[in-house]
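A short worksheet on the structure shown next.
Every number for a ligand or one of its atoms is a count from 1 in the order of the listing.
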Amino acid sequence: MLIAANWKMHGDRAFLTAYFEGAAALCWPEAQTHLVFPPATLLERAAEAGTAVGMVAGAQAIHPARDGAHTGCLSAEQVAEAGARWALLGHSERRAQGETDLDVAAQLEAAARAGLRGLVCVGEGLAVREEGEAEAYVLGQLAAVLALPAPALDALGAIAYEPIWAIGTGRTATPELAQAMHRALRERLEAVGLGGLPLLYGGSVKPDNAKALLSQPDIDGVLVGGASLDITAFNAIARAANE
Ligand code: 13P
């Protein structure tokens, strides 16, 4: 099980200190990996503080290039030096700013170059779902990544299915709907020998719906936004995975 916290553009040093103090005081299920994706300004501190509580830090985004004239961006090497072991790639909030499937594939190549694991996010918007095109759309997002040659593809650490209509809306996908998409992703991955890759669900995951989602056969973890900002709620989600 992979249980991941995406803080998005939330948190400062005081928040981080309280968060990891809170984490240290709670009981965490074993046989789970816990990831935290803080804002870049907190990455180094999160990597340090996370070590003490068994949480691994990752970057919310990376640029494909190693360096260059890319104002405001961070390379895979830079976030790795700051302590990141993972990077979110192609989160819908980044795709909404213009990141394409090919950009996401290039980011995975960069992650591989810097020794990071990539957590590639996919997910359809409401219009696509209502047109009945969700599965084709999501598998299409994955295609550019799966087309990469072996060294880059080896850096693919997990896929997160995050339907855009369920992010931050309180409108979670039903466990059955999420399972159906995860099954389709699994089949596509199995076809290229990657059937064992963890598949996470994201989109309004809360302590009270985590158990139903995580008990689906093809849901191997969750990527949590809003509820991950409350360490007690995030811990309850992690514990729900073991129930
Ligand atoms: P919410 O859990 O706030 O819906 O966010 C989901 C998400 O985008 C995690 O990456």
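The aromatic rings of Y161 and H182 lie perpendicular to each other, with more than 60° between the two planes, well past the 30° mark. In this pair, H34 and F234 present their aromatic rings perpendicular. The plane angle is above 60°, beyond the 30 to 60° band.
Only the side chain of N6 comes within contact range of ligand 1, with a heavy atom under 4.0 Å; no backbone atom does. Neither the backbone nor the side chain of C121 comes within contact range of ligand 1; no heavy atom lies under 4.0 Å.
Residue, atom and distance of the protein heavy atom nearest to atom 5 (O) of ligand 1 are K8 NZ, 3.2 Å. Nearest non-hydrogen protein atom to atom 2 (O) of ligand 1 is G225 N, 2.9 Å.
Close approach to H91 involves these atoms of ligand 1, each under 4.0 Å from a residue heavy atom: 7 (C), 8 (O), 9 (C), 10 (O). Remark: ligand 1 atoms within the under-4.0 Å shell around heavy atoms of A166 are 4 (O). Atom numbering of ligand 1 starts at 1 in the shown order; those under 4.0 Å from a heavy atom of G226 are 1 (P), 2 (O), 3 (O). Each of the atoms 9 (C), 10 (O) of ligand 1 lies under 4.0 Å from some heavy atom of L223. In summary, the atoms of ligand 1 found under 4.0 Å from a heavy atom of S204, numbered by their order in the structure, are 1 (P), 2 (O), 4 (O). Near E162, meaning under 4.0 Å from one of its heavy atoms, ligand 1 places the atoms 6 (C), 7 (C), 8 (O), 9 (C), 10 (O). The atoms of ligand 1 that sit less than 4.0 Å from any heavy atom of G203 are 4 (O), 6 (C).
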ask   = Given Q107 and L88, is the side-chain contact (heavy atoms from CB on, under 4.5 Å) satisfied, shown in steps?
value = CA-CA 9 Å; Q107 291 162 13; L88 288 182; over 6 Å; no
request  = Could you give me the CA-CA distance, side-chain angles and deciding distance for W86 and F37, then say whether ring pair (Phe, Tyr, Trp, His ring centres under 6.0 Å) is met?
outcome  = CA-CA 8 Å; W86 284 73; F37 294 91; 7.3 Å; no
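Linking Ile, Leu, Val, Met, Phe, Trp and Tyr residues whenever their side-chain heavy atoms come within less than 4.5 Å places I62 and V122 in a single cluster.
Using a distance-only test at 3.5 Å, with no hydrogens or angles considered, no donor-acceptor pair links the side chain of R95 to the main chain of G123. For the pair N235 (side chain) and T232 (backbone), a donor-acceptor distance under 3.5 Å is absent. Between the side chain of Q216 and the main chain of Q179, no donor-acceptor pair closer than 3.5 Å is present.
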